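A short worksheet on the structure shown next.
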2 protein chains.
Amino acid sequence: MSQVMPDWSVLLSTCPSRTSLARIANKWTAMAVSVLGSNGRMRFGDLRTQLDGISGKVLTETLRDLERDGLVTRHVHAEVPPRVEYELTALGFTLHAPLLALCRWAEEHIAEVLVNREIYDAR
Amino acid sequence: MSQVMPDWSVLLSTCPSRTSLARIANKWTAMAVSVLGSNGRMRFGDLRTQLDGISGKVLTETLRDLERDGLVTRHVHAEVPPRVEYELTALGFTLHAPLLALCRWAEEHIAEVLVNREIYDAR
DNA sequence: CTGCATCCTGCACGATACTG
DNA sequence: CAGTATCGTGCAGGATGCAG
């Protein structure tokens, strides 16, 4: 029963929703949620491979923040070597489409953006 | 004619689309594009008022980056006091829905997120 | 394999003052 | 009003090493 709060606006610096916006609107979150939403439950190491270039520390922090906000669940297996899997929650999945759209936008429009940049810089 | 480049992936650290993703996936860009897309052409000062808490410097930089990438156009009026207006381009408008969706998500789910955080922190 | 601790660097961002 | 210039600060995030 998530209620819409029309008087809560990300535009207000005092509104906690802005903090939430800052968390979801960043490249690592966008990439992680997109990959998790597309692939389903994934291991830490596989996520790290997919998110090419991310450091272990940053991936851990990103996943922990997502878990804290209830967007991701962490499944620890009592094995050795350890195996930990991550999965989007129902709430987290509501973010999948919007964030995947952002990733897609970057991929689909990068050529046009690069041309615009050249034009702009040529003055 | 923006071509989809299926071999360009934000997941690759070497792909320029990731830089583009990093630019559009941040709170100030999300807020600015959402407001510009909803309100149409706007003055610098009005944008600054809407984006509560943003400094003049950061707003200038945000708008300049958007202009450079061809997402926003800058209209300078030869008046005194000066009047400068900003407006989304057609390309910029393709970002409006996705970024507005992110802002809306933050507003609509902040209550649930805050509850999850309390539960998580209570251990 | 997963993840934590430590250290370090760069940049995002804010504050302030000044100009056309 | 709409910037620019300058400076200061905090934090994101990378590198490395160690632990369970």
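Throughout, protein chains are lettered first and strands after them, A, B, ... in sequence-line order, and every chain is numbered starting at 1. Quick caveat, the model's predicted, so the values are computed rather than measured. Below, all heavy atoms of this structure are taken into account, side chains as well, without hydrogens, waters or symmetry copies.
No hydrogens or angles considered: nothing links the side chains of A:Arg41 and A:Tyr86 as a donor-acceptor pair under 3.5 Å. There is a side-chain donor-acceptor pair under 3.5 Å between A:Thr29 and A:Asn26.
Phosphate proximity of D:dA2 to B:Arg43: present, with a side-chain N or O under 4.0 Å from OP1 or OP2. In this structure, B:Arg64 does not reach the D:dA2 phosphate: none of its side-chain N or O atoms is under 4.0 Å from OP1 or OP2.
Nucleotide D:dT4 holds its C1' atom 14 Å from the CG atom of B:Leu59, rounded to whole Å. Taking atom CZ on B:Phe44 and atom P on D:dC1, their separation rounds to 11 Å, with Å as the unit.
Mapping heavy-atom proximity under 4.0 Å, the span of DNA chain C touched by chain B runs 5' to 3' from C:dC13 to C:dG20.
Put simply, the side chain of B:Leu21 reaches to within 4.5 Å of the side chain of A:Cys103, judged on heavy atoms. Between B:Asn116 and A:Asp69 there is no side-chain heavy-atom pair separated by less than 4.5 Å.
Across all strands, A:Gly45 comes closer than 4.0 Å only to sugar-phosphate atoms, never to a base (heavy-atom distances).
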Listing time: all N or O pairs from protein to nucleotides 12-16 of chain D that are below 3.5 Å?
residue: D:dG13; atom: N7; partner: A:Lys57; partner atom: NZ; Å: 2.8
residue: D:dG13; atom: O6; partner: A:Lys57; partner atom: NZ; Å: 3.3
residue: D:dG14; atom: O6; partner: A:Lys57; partner atom: NZ; Å: 2.5

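Cation-pi check for A:Arg48 over A:Phe44 is not met; the charged atom does not lie both under 6.0 angstrom from the ring centroid and within 45 degrees of its normal.
Here the closest non-hydrogen pair linking A:Pro98 and B:Ala101 is CB-CB, 4.5 Å.
Each of B:Glu87, B:Arg83, B:Arg43, B:Glu85 was checked for a side chain to side chain donor-acceptor pair (under 3.5 Å) with B:His75, and the lone residue meeting it is B:Glu87.
For A:Arg104, the CZ atom counts as loosely surrounded, since its 6.0 Å shell holds 12 or fewer non-hydrogen atoms of other residues, nucleotides or ligands.
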